[in-house]
J.: 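Just passing along the structure, written as structure tokens.
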Number of protein chains: 2
Amino acid sequence: MRRSDSEIPDIVVGRLPIYLRALIRLQQEGREITSSQELGERLGISSAQIRKDLSHFGEFGKQGTGYTVSTLIAELQRILHVDREWEVALVGVGDLGRAIAHYGGFAHRGFCITHLFDNDPNKIGEKINNLVIQPVSELKETIKKAGIRIAMITTPADSAQEIANELVEAGVGAILSYAPVTLSVPKHVRVQYIDPVLHLQRMSYYLNDRD
Amino acid sequence: MRRSDSEIPDIVVGRLPIYLRALIRLQQEGREITSSQELGERLGISSAQIRKDLSHFGEFGKQGTGYTVSTLIAELQRILHVDREWEVALVGVGDLGRAIAHYGGFAHRGFCITHLFDNDPNKIGEKINNLVIQPVSELKETIKKAGIRIAMITTPADSAQEIANELVEAGVGAILSYAPVTLSVPKHVRVQYIDPVLHLQRMSYYLNDRD
DNA sequence: TAGATTGTTAATCGATTAACAATC
DNA sequence: TAGATTGTTAATCGATTAACAATC
């Protein structure tokens with residue numbers, strides 16, 4: 001198959017991080033070789049799908065053997081652009097924002113929160129993990145200057161669109177929003193959402209009443 | 001169309017909460033009537049898809065007019081089983097678990113965190129939002145007795161599978177996991193995952209290097 | 001060599017969309 | 001009535017899977 005000739009389905013891209021996560025886990029367990037079948041069993045995905053997905057980007061395996069774990073990890077990191085560390089801005093330092101700022105699991109997976117913003121005067125200047133909370137009024141200028149491309153929104157729903165606008169103007173190209181509203185952004189900007197209630201509601205559909 | 005004759009595609013079920021969220025927002029804006037077209041524009045989904053999705057469950061609209069917002073909200077809440085309040089157990093009271101326990105946005109959307117578990121002796125007995133943190137050793141018994149069906153896992157990756165096993169034995173049928181590992185559970189149990197890094201990696205794929 | 005597993009093709013399956021009769 | 005929008009069918013589109021030649 002041809003190297004990433006533009007049209008990789010987004011649904012395929014969305015599975016690569018899952019493969020990467022599983023491979024890193026395999027590596028931690030000391031495994032050096034794996035196969036599409038093993039990976040598939042762990043993830044509940046067919047081996048054919050894994051091979052097909054990977055084939056969009058190149059040939060990474062060896063017939064009769066499988067994949068070298070470390071090689072495939074490196075390839076996926078390169079493809080996903082996480083063979084480097086991205087600086088991430090976080091906007092909205094409430095309970096959730098604070099928890100995320102404290103969370104240590106981002107750095108070794110390609111992302112590092114380097115800037116915090118909020119518009120509560122009581123929070124401005126406060127330090128979390130060595131980062132000073134800046135006022136939202138400084139957001140655009142700061143992000144532009146620092147060349148930041150990725151941001152997380154952890155503000156209440158009402159301010160989310162407004163913040164998104166600022167971020168886009170500042171040159172951000174990827175937004176991860178925890179605010180429970182669909183954001184409207186230019187099509188060159190990627191947005192992903194996290195709303196735990198959506199997941200809960202999707203599951204409660206399958207729970208029949210009992211009590 | 002026939003009433004929920006068992007085989008509704010899960011991908012359709014997954015969109016209903018998104019519709020519900022948008023409708024509630026419309027209602028807050030004072031709107032009483034809407035159409036599949038308007039809803040679709042707000043969500044970036046085709047109007048045909050919205051009508052098709054809804055048609056799996058019944059006929060809720062009126063030709064020439066559209067949908068009564070309050071009616072459609074009530075119907076979706078009924079379909080998703082969030083026309084009631086589910087008790088939810090939260091396991092793992094670290095930074096993230098704490099933030100979630102404090103978060104007030106669950107209750108009015110059908111879910112209420114009523115139990116907290118952790119196995120750090122220093123945390124046992126501590127109170128968050130009037131809830132006492134219980135030891136994991138009491139988990140199975142407590143959840144069984146309370147008849148709890150939904151749980152959230154906010155433990156580190158290493159303990160997640162173990163906790164999931166306990167939850168399943170206790171009768172839980174829906175698990176929302178923040179731990180970055182694929183859990184293995186019996187097929188009658190639903191699992192949903194939240195791993196922000198997966199979303200970030202999926203987006204960084206589309207960011208070309210610049211600096 | 002015999003056994004295993006890849007990468008890829010073609011077939012299948014399922015989901016989305018376009019179009020329109022029905023009707024408010 | 002004229003205009004609008006539903007619910008549904010059939011057509012299109014895209015994603016998944018089965019199967020296998022290639023080959024390690």
Side-chain angles (χ1 to χ4, degrees), chain A residues 1-19 22-23 26 31-73 75-76 79 202 205, chain B residues 1-19 22-23 26 31-73 75-76 79 202 205:
Chain A
M1 249 289 138
R2 215 58 147 301
R3 281 301 151 71
S4 64
D5 250 295
S6 73
E7 271 335 315
I8 314 287
D10 182 60
I11 197 162
V12 172
V13 175
R15 278 190 296 261
L16 300 185
I18 298 172
Y19 301 159
L23 285 161
L26 274 166
R31 305 289 311 285
E32 293 184 350
I33 303 282
T34 188
S35 65
S36 59
Q37 190 178 4
E38 180 179 50
L39 216 42
E41 269 163 26
R42 292 214 176 193
L43 296 173
I45 289 179
S46 81
S47 64
Q49 176 155 91
I50 293 176
R51 293 198 302 280
K52 183 117 225 288
D53 284 351
L54 294 177
S55 77
H56 284 99
F57 302 96
E59 311 191 352
F60 308 120
K62 222 193 287 199
Q63 282 103 325
T65 310
Y67 302 90
T68 304
V69 174
S70 60
T71 308
L72 194 48
I73 288 175
E75 291 287 354
L76 286 174
I79 293 165
R202 180 182 194 152
Y205 169 81
Chain B
M1 251 287 138
R2 216 56 149 305
R3 280 299 151 74
S4 63
D5 249 294
S6 72
E7 271 336 315
I8 312 286
D10 182 59
I11 197 163
V12 171
V13 175
R15 278 190 295 260
L16 300 185
I18 298 173
Y19 300 160
L23 285 161
L26 275 167
R31 305 289 310 284
E32 294 185 348
I33 303 283
T34 188
S35 66
S36 59
Q37 189 178 4
E38 180 179 50
L39 217 41
E41 270 163 25
R42 291 214 176 195
L43 296 173
I45 290 179
S46 81
S47 64
Q49 176 154 91
I50 293 176
R51 293 199 302 279
K52 184 117 223 287
D53 285 350
L54 295 176
S55 77
H56 285 99
F57 303 95
E59 311 191 351
F60 308 121
K62 221 192 292 196
Q63 281 104 325
T65 309
Y67 302 89
T68 304
V69 174
S70 60
T71 308
L72 193 49
I73 287 175
E75 291 287 355
L76 286 173
I79 293 165
R202 181 183 195 151
Y205 169 81

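Every chain is numbered from 1, with letters handed out A, B, ... down the list of sequences. Note that the structure is predicted; figures quoted are calculated from it, not measured.
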J.: Grab the CD-P distance between E75(B) and dT6(D) for me, whole Å please.
T.: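 For the pair E75(B) CD and dT6(D) P, the rounded distance is 16 Å.
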J.: Among L54(A), I73(A), L26(A), whose side-chain contact (heavy atoms from CB on, under 4.5 Å) with Y67(A) holds?
T.: L54(A)
J.: To the nearest 0.5 Å, what is the distance between CD1 on I45(B) and OG on S36(B)?
T.: 11.5 Å
J.: Is there a side-chain contact between R51(A) and the phosphate of dT6(C), meaning an N or O under 4.0 Å from OP1 or OP2?
T.: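 For dT6(C), OP1/OP2 do have a side-chain N/O of R51(A) under 4.0 Å.
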J.: Could you please name the option among dT5(D), dT16(D), dA15(C) that lies closest to any side-chain atom of I11(A)?
T.: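 So the nucleotide nearest the side chain must be dT16(D).
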J.: Locate the shortest heavy-atom distance separating L23(A) from T34(A); write the atom from each residue and the value.
T.: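 Taking L23(A) first and T34(A) second, the nearest heavy atoms are CD2-CG2, 3.9 Å.
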J.: E38(B) CD to dA4(D) P: how many Å, rounded?
T.: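 Answer to the nearest Å: 15 Å.
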J.: Counting heavy atoms from C-beta on, name the nucleotide in dC20(D), dA15(D), dT23(D) closest to the side chain of Q63(A).
T.: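 It is dT23(D).
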J.: Report the nucleotide, chosen from dT17(D), dG7(C), dG7(D), that has the shortest atom-to-atom distance to any side-chain atom of S55(A).
T.: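 Selected nucleotide: dG7(C).
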J.: With heavy atoms under 4.0 Å as the rule, sort S36(B) into base, sugar-phosphate or nothing.
T.: sugar-phosphate
J.: Calculate the interatomic distance between D53(A) atom CG and dT16(D) atom C1'; express it in whole Å.
T.: 10 Å
J.: Could you state the CZ-P distance from F57(A) to dT8(C), rounded to the nearest angstrom?
T.: 13 Å
J.: For E59(B) and dT8(D), what is the distance between atoms CD and P respectively, to the nearest whole Å?
T.: 5 Å
J.: So, is R15(B) close to the dA15(C) phosphate, meaning a side-chain N or O under 4.0 Å from OP1 or OP2?
T.: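 False: R15(B) side-chain N/O out of range (4.0 Å or more) of dA15(C) OP1/OP2.
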J.: Could you give the CD-to-P distance, from E7(B) to dG14(C), as a whole number of Å?
T.: 10 Å
J.: Between atom CD of E41(A) and atom OG of S47(A), what is the distance when rounded to the nearest 0.5 Å?
T.: 9.0 Å
J.: Nearest to the side chain of S46(B), which nucleotide is it out of dT8(D), dC24(C), dT17(C)?
T.: dT17(C)
J.: Both I45(A) and L54(B) contact DNA chain D. Taking the nearest nucleotide for each, which residue is further toward the 5' end?
T.: L54(B)
J.: Using atom NE2 of H56(A) as one end and atom P of dT6(C) as the other, report the distance to the nearest whole Å.
T.: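 Those two atoms, NE2 and P, are 17 Å apart.
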J.: Please give, in whole Å, the distance from dT17(D) P to Q37(A) CD?
T.: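 Answer to the nearest Å: 14 Å.
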J.: Between dT16(D), dG7(D), dC24(C), which nucleotide gets closest to the side-chain atoms of K62(B)?
T.: dC24(C)
J.: Grab the two heavy atoms, one from R202(B) and one from V13(A), that are nearest each other, plus how far apart they are.
T.: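 Minimum heavy-atom separation between R202(B) and V13(A): O-CG1, 3.8 Å.
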J.: I want to verify a distance call: between dG7(D), dG7(C), dA15(C), whose nearest atom is closest to the Y67(B) side chain?
T.: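 For Y67(B), the side-chain atoms sit closest to dG7(D).
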J.: Out of dT6(D), dT16(C), dT8(C), which nucleotide sits closest to the side chain of Q49(B)?
T.: dT16(C)
J.: Mind checking whether F57(A) and I8(A) have side chains closer than 4.5 Å, heavy atoms only?
T.: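 Side chain of F57(A) against side chain of I8(A), heavy atoms only: contact under 4.5 Å found.
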J.: State the pairing partner of dG3(D); accept Watson-Crick or G-U wobble contacts with both distances under 3.5 Å, and report none otherwise.
T.: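 When the pairing criteria are applied, dC24(C) turns out to be the nucleotide that pairs with dG3(D).
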J.: Should dT17(D) form a Watson-Crick or G-U wobble pair with both distances under 3.5 Å, which nucleotide is its partner?
T.: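 Here dT17(D) is engaged in a pair, and the nucleotide opposite it is dA10(C).
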J.: Would you mind telling me which residue lines up with the more 5' stretch of DNA chain D, G64(A) or K52(A), judged by nearest nucleotide?
T.: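 The 5'-side residue here is K52(A).
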